[in-house]
2 protein chains.
Amino acid sequence: MKRKLTLKSIAKEMDVSISTVSKALRDSPEISEETREKIKAYAKLYNYKPNNIALSLKNRKTNTIGVIIPQIVHHFFTTVIRGIEAEARENNYNVIICLSNNDFDKEVLNMELLANGSTDGFILSVSKETMQKEDYHHLNEVIEQGMPVVMFDRVVEGIACDRVLINDTQGAKKGVSHLIRSGCRKIGIITSEDYVSVGRLRTEGYLDAHDDFGIEVDENRILKLDNIDDLGEGSKKRIKEFILNNDLDGLFTVNELFAVYAARVIAQSGKSIPDDISIVCFTDGELSEHMVPSITAVSQHGEEMGRKAASILINKLERPEDETEEYGTTYIETSLIERESTRKLLR
Amino acid sequence: MKRKLTLKSIAKEMDVSISTVSKALRDSPEISEETREKIKAYAKLYNYKPNNIALSLKNRKTNTIGVIIPQIVHHFFTTVIRGIEAEARENNYNVIICLSNNDFDKEVLNMELLANGSTDGFILSVSKETMQKEDYHHLNEVIEQGMPVVMFDRVVEGIACDRVLINDTQGAKKGVSHLIRSGCRKIGIITSEDYVSVGRLRTEGYLDAHDDFGIEVDENRILKLDNIDDLGEGSKKRIKEFILNNDLDGLFTVNELFAVYAARVIAQSGKSIPDDISIVCFTDGELSEHMVPSITAVSQHGEEMGRKAASILINKLERPEDETEEYGTTYIETSLIERESTRKLLR
DNA sequence: TTAACCAACTAAATCGATTAAGTTTACTTG
DNA sequence: CAAGTAAACTTAATCGATTTAGTTGGTTAA
């Protein structure tokens with residue numbers, strides 16, 4: 001096992017001082033052409049690479065972005081990460097990903113861990129438990145220490161940071177409007193309780209669309225589930241009852257999973273999609289794409305969101321003394337992807 | 001913005017030396033009870049946390065595992081990561097995830113980056129391009145430097161490292177045997193070219209199952225696609241032709257996506273699943289679970305795989321001088337999850 | 001009385017890299 | 001020819017924490 005090369009070992013081998021080696025490798029004019037070339041040749045031959053940890057310590061800069069998300073299993077987060085990764089790489093930043101599993105304690109732990117020298121800043125989507133607790137001391141702490149934070153998707157108010165959001169309300173409105181335009185008049189929505197911001201906002205979009213078209217909203221057609229992240233037996237039961245006990249001709253859901261399960265219930269009840277009931281869901285993922293029938297979806301453009309969040313964070317990091325203390329909210333537009341679960345519009 | 005506490009700043013504030021602070025916080029008997037308590041109280045009050053970077057440098061140990069995977073978008077990798085995360089956390093390790101996007105250069109870049117001080121060891125699944133190129137210098141380099149490596153899922157031979165594998169052959173055999181037992185005799189397989197190890201092994205399992213039951217294999221019933229990771233137009237076309245031009249009563253696919261698309265083609269051709277054609281796929285993911293009909297799948301137990309890989313790596317890291325130079329291969333058993341795409345067996 | 005010894009600290013080296021501040025040697029110039 | 005200067009290095013400080021090797025003042029035993 002060969003030890004890794006260090007400046008020290010090179011210096012010893014070549015019988016010069018450590019600083020000469022360092023300067024030679026960084027092309028300093030202080031070092032003679034001859035020595036410089038000799039050292040560089042040696043370093044190249046033995047594949048010297050500076051130790052990142054030492055550099056981080058010296059520069060008090062890690063060039064690493066910490067990403068904290070509730071769950072990686074979600075296709076959406078996956079695409080966001082891809083965007084973050086891409087933008088980071090282009091700007092010479094690394095990405096460390098930590099999962100909170102929607103657990104408050106884990107979110108706090110992860111942040112503290114990464115904040116102790118591992119990262120320069122954070123990109124995060126707040127866990128469900130944190131939102132319920134409304135305890136944001138961990139966020140305020142890292143911000144206090146001068147680490148910039150960018151929140152995305154699931155954000156909270158009252159924190160000194162930038163935000164990147166899906167235009168949830170407008171996205172939902174697009175989806176529901178599409179249903180209305182295609183002829184639906186009795187549209188149901190399967191959403192979450194209001195404390196999950198995305199659920200609340202998407203419900204608003206649903207209401208807005210009805211408003212725009214002057215269609216009355218029937219409260220019975222709104223189903224609020226408490227867990228938006230997965231589909232338990234309880235949720236399944238409520239969705240089934242909701243579908244069977246309502247005479248719907250259209251359905252909007254705030255995620256794919258609800259739509260997929262609803263589609264199953266609808267198929268089993270002998271009705272056809274899209275002719276008897278049309279479906280639109282929020283989030284364009286693998287499920288909506290491959291399902292039979294495939295489901296018309298509101299695409300969140302996760303990759304773009306990730307890129308944007310990373311670019312905002314990197315910007316702050318690169319110009320640290322630009323502390324204008326101004327924080328903005330960027331909205332990522334959604335788009336509707338028409339598939340087989342809705343009727344074609346006549347244009 | 002308040003600066004972060006360091007031993008230095010505490011020492012200054014309390015008018016003692018840096019080493020006194022360090023020792024006090026680590027409960028050294030060299031420091032008097034009184035001073036110790038005072039320093040600890042101060043540190044607690046102002047929430048002192050040691051700088052990880054400095055510790056890593058000093059200890060030449062980062063307590064971080066580097067994970068390099070082809071694509072995070074895949075549900076399977078997602079579950080593996082969850083397993084790695086869990087095992088790591090329990091043992092006080094961090095996890096850094098990097099994506100290679102199935103690209104050789106990126107895999108090399110990521111490894112070099114992380115190898116320069118950021119991690120103590122690696123868990124990786126080799127990218128497709130690397131397998132085609134058969135260039136493993138980056139792997140050999142980090143191993144040379146004394147960093148242990150554990151490969152999982154997509155592994156290559158001839159590298160001095162441990163391996164954690166799905167029992168691909170047996171898994172495929174389980175799936176195909178199930179089809180045979182349920183009455184299928186003309187079973188097709190949609191797999192990958194042989195250079196992708198998982199494809200090759202699963203094809204073997206398909207052949208083995210036929211062998212066991214004494215059923216002849218018809219070469220026309222084997223479709224080898226070149227891209228196993230996603231479903232392009234070319235693959236779709238070939239799958240469609242394959243399904244329509246073969247008189248099959250059963251189908252085994254090496255991933256979910258192939259099965260889902262095949263199911264669509266079958267449905268469109270007016271045949272019914274599972275009665276006319278039964279389907280089993282490798283990989284238990286969201287698609288097979290939620291599809292209508294849901295698809296019988298060979299579960300890879302990704303989480304268990306991740307845990308195992310992490311536990312092997314951590315073991316090596318904790319006992320570094322145990323260099324017996326012995327490397328093992330661990331197999332994770334698969335299990336069959338029966339769903340709606342196959343007929344129930346009479347037992 | 002004084003060497004020995006202990007309690008309770010502090011100083012300094014170390015991890016690996018960067019860099020400001022010296023040092024040496026040769027050479028120019030008034 | 002002495003002073004000044006530039007070239008080419010080296011020394012040492014620094015990042016933050018740990019740890020080994022001192023140091024100091026007081027107590028104790030011979």
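Below, read A as the first sequence line, B as the second, and so on, with proteins coming before strands; counting in each chain starts at 1. If you're wondering where the values come from, they're calculated on a predicted model, not measured in any experiment.
Using a 4.0 Å heavy-atom criterion, one finds that B/Lys58 contacts the bases of the nucleic acid, with or without backbone contacts as well. Counting non-hydrogen atoms under 4.0 angstrom, A/Ile18 reaches a base of the nucleic acid. A/Ser19 comes within 4.0 angstrom of a base, heavy atoms only. Contacts of B/Leu55 with the nucleic acid, taken as non-hydrogen atoms under 4.0 Å apart, involve only primed sugar atoms and P, OP1 or OP2. Backbone-only contact: B/Ser32 has heavy atoms under 4.0 Å from sugar-phosphate atoms and none from a base.
Separating the CG atom of A/Leu25 from the P atom of C/dG16 is a distance of 16 Å, rounded to the nearest angstrom. When rounded to the nearest whole Å, the span between CD1 of B/Ile53 and P of D/dA17 equals 12 Å. Atom NZ in B/Lys8 sits roughly 12 Å away from atom P in D/dA13 (whole-Å rounding). In this structure, A/Tyr48 places its OH atom 7 Å from C1' of C/dA17, rounding to the nearest Å. In this structure, B/Lys4 places its NZ atom 15 Å from C1' of D/dC15, rounding to the nearest Å. Here D/dC15 presents its P atom at 20 Å from CG of A/Asn63, a figure rounded to the nearest Å. Taking atom NZ of B/Lys23 as the reference point, atom C1' of C/dA8 lies 9 Å away to the nearest angstrom. Taking atom NZ of A/Lys61 as the reference point, atom C1' of D/dG16 lies 18 Å away to the nearest angstrom.
Listed candidates were D/dA17, C/dC15, C/dT19. Nearest to the side chain of B/Leu7 is D/dA17. Checked against C/dT18, D/dC15, C/dC9, the side chain of A/Arg26 finds its nearest nucleotide in C/dT18.
Comparing B/Leu57 and A/Glu30 by the nucleotide of DNA chain C whose heavy atom lies nearest to each, the residue mapping closer to the 5' end is B/Leu57.
Between B/Thr35 and C/dC9, a side-chain N or O to OP1/OP2 separation shorter than 4.0 Å is present. Considering only side-chain N and O atoms, A/Arg60 lies under 4.0 angstrom from the phosphate OP1 or OP2 of D/dG16. Contact check, B/Thr6 against D/dG16: no side-chain N or O comes under 4.0 Å of OP1 or OP2.
In this structure, B/Phe77 and B/Phe152 have perpendicular ring planes: the angle between them is above 60°, well past the 30° mark.
In terms of polar N and O atoms assigned as donor or acceptor, the side chain of A/Ser22 never comes within less than 3.5 Å of the base of C/dT19 in a complementary pairing.
Looking at B/Glu85 and B/Arg89, a side-chain N of the basic residue comes within less than 4.0 Å of a carboxylate O on the acidic one, giving a salt bridge. Using a 4.0 Å cut-off between charged side-chain N and carboxylate O, B/Arg307 and B/Glu90 make a salt bridge.
More than 12 heavy atoms of other shown residues, nucleotides or ligands fall within 6.0 angstrom of atom CG in A/Asp27.
Side-chain contact check for A/Asn47 and B/Glu141: at least one donor-acceptor pair (N or O, by modelled atom type) lies under 3.5 Å.
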